[in-house]
Amino acid sequence: MSLQPTSILVVGTGTIGQAWLTRYADTIPLQFQATVRGLYRSQQYIHLDNNSVPSHGLTAAGWQYSNDVLTQLDQDIFDYSHRHEQVIVLDLTASSAVGQRYADWLRAGAHIVCANKYAGASSSTYYEQIRRISRQYQRHWRYNTTVGAGLPIQSAIRERLHSADPIRGIEGNFSGSLSWIFQQYQPGDQLSKWLRAAADQGLTEPDPRSDLGGLDVARKLLILAREAGWSLELDEIQVQSLVPDSLAQLSSEEFWQHLEHFDAEFERWRQRTHPTAQKFCYIGAVERDVDAKPHAWARLEPISPSSPYASLPPGNANFVIRSELYNTNPLLIQGPGAGPEVTAAGIHTDLLDILQQL
Ligand SMILES: NC(=O)C1=CN([C@@H]2O[C@H](COP(=O)(O)OP(=O)(O)OC[C@H]3O[C@@H](n4cnc5c(N)ncnc54)[C@H](O)[C@@H]3O)[C@@H](O)[C@H]2O)C=CC1
Ligand SMILES: N[C@@H](CC=O)C(=O)O
């Protein structure tokens, strides 16, 4: 174990950030000498001293305004690294601006744990760059919660590959929020009633159109495809969006104010395409065909009462992983696919995993 102390810098103090700070930040075993030294959010940051209780930082008086919080964070990473401290950044935002900093932060000496899916689902060029830099600078990048929240999906895929057992395909209901919504929705309901309830529990993305539009599931498919060693881009994934065109360009606030269009459009789609279906599930899949090129899709499908998808508890995701060995009898992983508690737990697991390796 490293004799250097570790500074933890947390970007994002929203639903997931607060859950980690209140439940886990104060529980890091002393032997790791790891301290939360900074919290950063949109236009604000605070530095915490050694005696601060990290969870109290959320309500502390010393937050400073900045119109360039990420430059402040760059500086803090630089300063701690030059004091020969280890630095771990927790990215608990959904921000592309934050995700675009990873290459620089790894080069500057930081390790990264993220719930943010941006980097894992960015262009192959950027993704490969991050991987290359983390190898070159011997920095860790952990992103378990980007798929299935706290469920161990990426590690299950890695273990198959370590056992020389190549992946053939992955399918499932990858979205905790869409699982929660569609396991309870019944034809005739206002779908937005369930959407609001899912958002109130912290299951959706900050902008729920990322869930409803299929982007969140597509990103998860891409992250898993890359974990399996396959080359794929986000725009190669066929995705069904449940967001009407009329709501796609609105701000997130405006979207919430116009849910009647969302309900009306969904009802029209249901009547037109699946008027007799009683249950739906948003399913995604990625597999390689004979030319070894991965193909991925995500869409809302009608399901029969006998389908394995029909009996998922609301909010549960499931992942069906087929490999050479686990083929006709695939590897199944199922459990809560979203939520502040399980996601914060997954972040903490990734953090402790890095601390143990320093
Ligand atoms: N809700 C869930 O169950 C899960 C969420 N995640 C991921 O966790 C991440 C965070 O989600 P939430 O906590 O719900 O979001 P949120 O909207 O509640 O909080 C986001 C935080 O990021 C900060 N932020 C945004 N842009 C920033 C920037 N440019 N610079 C500095 N700070 C910035 C905001 O000020 C806020 O504190 C998302 O990427 C989401 O996909 C991952 C797994 C499960
Ligand atoms: N919004 C996501 C949260 C986890 O990634 C989901 O619904 O699964």
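In each ligand, atom 1 is the first atom listed, and ligand 1 is the first ligand listed.
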**Request:** Under 4.0 Å from a heavy atom of Asp211: give me the atoms of ligand 2 that qualify, with their elements.
**Result:**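 That gives atoms 1 (N), 2 (C), 6 (C), 7 (O) of ligand 2.
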
For [atom], what is the closest protein heavy atom, and at what distance to 0.1 Å?
atom                    : value
atom 27 (C) of ligand 1 : Ser42 OG, 3.7 Å
atom 8 (O) of ligand 2  : Lys220 NZ, 2.6 Å
atom 7 (C) of ligand 1  : Ala115 O, 3.4 Å

**Message:** With a sphere of 6.0 Å drawn around OH of Tyr24, does it hold more than 12 non-hydrogen atoms of other residues, nucleotides or ligands?
**Reply:**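 Enclosed: over 12 neighbouring heavy atoms sit under 6.0 Å from OH of Tyr24.
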
One residue to check: [X]. Relative to ligand 1, which of side chain, backbone, both or neither has a non-hydrogen atom less than 4.0 Å away?
X      : value
Val11  : side chain
Thr343 : side chain
Ser95  : side chain
Leu92  : backbone

Any carboxylate oxygen within less than 4.0 angstrom of a Lys/Arg side-chain nitrogen, looking at [X] and [Y]?
X      : Y      : answer
Asp76  : Arg37  : no
Arg219 : Asp216 : no
Asp200 : Arg196 : no
Glu287 : Arg168 : no
Glu265 : Arg268 : yes

**Prompt:** Looking only at non-hydrogen atoms, which of Gly202, Gly14, Ser66, Ala149 approaches atom 2 (C) of ligand 1 most closely?
**Reply:**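 Selected option, by shortest heavy-atom distance: Gly202.
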
**Item:** Option whose closest heavy atom lies nearest to atom 22 (O) of ligand 1, chosen from Val10, Thr93, Asp207
**Value:**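 It is Thr93 whose heavy atom sits nearest to atom 22 (O) of ligand 1.
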
**Request:** Kindly indicate whether a cation-pi arrangement holds for Arg139 with Trp105, taking the cut-offs as under 6.0 Å to the six-membered ring centre and within 45° of the axis.
**Result:**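 No - Arg139 does not lie over the ring of Trp105 by the 6.0 Å and 45° rule.
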
**Request:** Answer yes or no: is there a side-chain heavy-atom contact under 4.5 Å between Ser124 and Arg226?
**Result:**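 A side-chain contact exists here, since the closest heavy-atom pair is under 4.5 Å.
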
**Message:** Using the rule ring-ring contact (aromatic ring centres under 6.0 Å, His included), only one of Tyr309, Trp297, Phe319 pairs with Phe174; which is it?
**Reply:**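 Exactly one option meets the ring-ring contact (aromatic ring centres under 6.0 Å, His included) with Phe174, and it is Phe319.
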
**Asked** Any idea which part of Leu203 is under 4.0 Å from ligand 2, heavy-atom wise: side chain, backbone, both or neither?
**Response**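 Only the backbone of Leu203 comes within reach of ligand 2.
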
**Asked** Where's the contact between Thr204 and ligand 2, heavy-atom distance under 4.0 Å: side chain, backbone, both or neither?
**Response**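 For Thr204, the contact with ligand 2 is made by the backbone alone.
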
**Prompt:** Is the closest N or O pair between Tyr40 and ligand 1 shorter than 3.5 Å?
**Reply:**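 No, since none of the N or O atoms of Tyr40 sits under 3.5 Å from an N or O of ligand 1.
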
Counting both backbone and side chain atoms, is some N or O of [X] under 3.5 Å from an N or O of ligand 2?
X      : result
Thr145 : no
Thr146 : no
Gly176 : yes

**Asked** Does Gly337 come within less than 4.0 angstrom of ligand 2, counting non-hydrogen atoms of the residue?
**Response**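 Checking ligand 2 against Gly337, which is what was asked, there is a heavy-atom contact under 4.0 Å.
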
**Request:** Assess Gly339 for proximity to ligand 1: is some non-hydrogen atom of it under 4.0 Å away?
**Result:**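 Yes.
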
**Asked** Taking the side chain from Asn316 and the backbone from Ser179, do they hold a donor-acceptor pair closer than 3.5 Å?
**Response**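 Looks like no, no N/O pair under 3.5 Å.
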
**Item:** Distance flag, aromatic centroids of Tyr143 and Tyr102, threshold under 6.0 Å
**Value:**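 Aromatic pair excluded; centres sit 6.0 Å or further apart.
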
